[in-house]
Amino acid sequence: MAISKIQSESINLADTFAFTGTVTGAGESNAPYFRVYRNGSSNVGSSASYTTITFETEVYDSANAFDTSTHRWTPQVAGKYFIYGCVTLYASASSLRYADTRIVSTGTGDARAGVDFSNNYAYSCKPTVCEIITLNGSDQYVSLSARGYAGGSNVDVEAGSGNTYFGGFLLSTS
């Protein structure tokens, strides 16, 4: 039976509906989106100051908006974005004392995740951070930075798609 007109008092919203046509206006696309990762090892130094993480391998970038020269993503569409990142940091001889990963944003939102080992030093850790950030789409960007301290020894960044990565996607344009 085809229904040509639905009135609000005749539809049960608890029912399950099977649509055979195209449903429009039911949600938004999550584009633009991106995911990149660090392909080679690098170093954040020993001074415990933040270093921008360089990413040279794009897994996907729907708007071609990730700049591999500045390591920033400028989404081109204004909205609220879910941004995430992870940096695997390690130091020789289990000397890692603390490590942080930070989302740097020129929009509204910023986030940091860290581990403080106090007197129990570690070889490596994987601080992962996420945040919902509002970006205007045209000139506001996000990047990922990290820092670590190992008592004067260098702290290194481990490479690989599952170790050091950065990404995000559109949640809403409103």
Side-chain angles (χ1 to χ4, degrees), residues 2-3 5-6 8 11-42 44 50-90 99-115 124-148 156-174:
I3 298 175
K5 183 177 179 184
I6 297 176
S8 62
I11 189 168
N12 183 348
L13 297 178
D15 285 345
T16 301
F17 298 93
F19 294 100
T20 58
T22 302
V23 177
T24 60
E28 294 187 44
S29 164
N30 290 110
Y33 53 84
F34 79 106
R35 181 178 168 93
V36 294
Y37 69 90
R38 176 94 193 121
N39 198 34
S41 295
S42 64
V44 295
Y50 284 101
T51 300
T52 299
I53 303 301
T54 57
F55 296 96
E56 66 281 310
T57 304
E58 292 182 5
V59 178
Y60 38 78
D61 185 1
S62 68
N64 199 25
F66 187 82
D67 186 337
T68 55
S69 66
T70 62
H71 309 287
R72 297 175 177 171
W73 186 61
T74 308
Q76 313 304 310
V77 174
K80 291 179 178 39
Y81 288 86
F82 182 82
I83 305 295
Y84 61 91
C86 176
V87 181
T88 301
L89 299 162
Y90 66 95
D100 289 336
T101 300
R102 181 177 74 165
I103 295 171
V104 177
S105 168
T106 56
T108 57
D110 203 348
R112 181 179 76 85
V115 178
S124 70
C125 72
K126 197 173 190 169
T128 304
V129 62
C130 61
E131 181 66 85
I132 295 174
I133 297 175
T134 302
L135 299 167
N136 69 11
S138 58
D139 61 358
Q140 293 179 326
Y141 63 85
V142 289
S143 63
L144 193 68
S145 63
R147 68 179 179 168
D156 296 309
V157 175
E158 190 167 345
S161 63
N163 295 318
T164 299
Y165 53 86
F166 181 39
F169 55 88
L170 179 67
L171 291 174
S172 172
T173 56
S174 56

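Numbering starts at 1 and runs along the sequence shown.
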Taking the side chain as every heavy atom from C-beta outward, state whether [X] and [Y] have any atom pair closer than 4.5 Å.
| X | Y | value |
| --- | --- | --- |
| Val142 | Phe166 | yes |
| Val77 | Pro32 | yes |
| Ser105 | Leu135 | yes |

Please say which of Val129, Val104, Thr54 ends up in a side-chain contact (heavy atoms from CB on, under 4.5 Å) with Leu144.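 Between Leu144 and the candidates, side-chain contact (heavy atoms from CB on, under 4.5 Å) is satisfied uniquely by Val129.
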side-chain contact (heavy atoms from CB on, under 4.5 Å) partner of Phe55, the single match among Thr52, Val59, Thr57, Ile53: Ile53
Measure the spacing between [atom1] of [X] and [atom2] of [Y] and express it to the nearest 0.5 Å.
| X | Y | atom1 | atom2 | result |
| --- | --- | --- | --- | --- |
| Thr164 | Asn39 | OG1 | CG | 11.0 Å |
| Asn64 | Glu58 | CG | CD | 6.5 Å |
| Glu131 | Tyr84 | CD | OH | 15.5 Å |
| Phe66 | Thr74 | CZ | OG1 | 9.5 Å |

Residues forming a side chain to side chain donor-acceptor pair (under 3.5 Å) with Thr88, sequence neighbours excluded: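 For Thr88, no residue satisfies side chain to side chain donor-acceptor pair (under 3.5 Å) once neighbours in sequence are set aside.
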With a 4.0 Å cut-off, would you call Arg147 and Asp100 a salt bridge?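 A salt bridge is present here (some side-chain N lies under 4.0 Å from a carboxylate O).
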Is there a donor-acceptor pair closer than 3.5 Å between any side-chain N or O of [X] and the backbone N or O of [Y]?
| X | Y | value |
| --- | --- | --- |
| Gln140 | Thr106 | yes |
| Thr101 | Pro127 | yes |
| Thr128 | Lys126 | yes |

Salt bridge (Lys or Arg N to Asp or Glu O under 4.0 Å) partners of Glu158, counting only residues at least two apart: none
Centroid-to-centroid, Trp73 to Tyr81, below 6.0 Å?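 Centroid separation for Trp73 and Tyr81: below 6.0 Å.
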Closest heavy-atom pair and its distance - [X], [Y]:
| X | Y | result |
| --- | --- | --- |
| Leu89 | Ala99 | CD1-CB, 3.4 Å |
| Ser145 | Tyr50 | OG-CD2, 3.6 Å |
| Ala65 | Pro75 | CB-CA, 4.3 Å |
| Ser124 | Tyr90 | CB-CB, 3.5 Å |

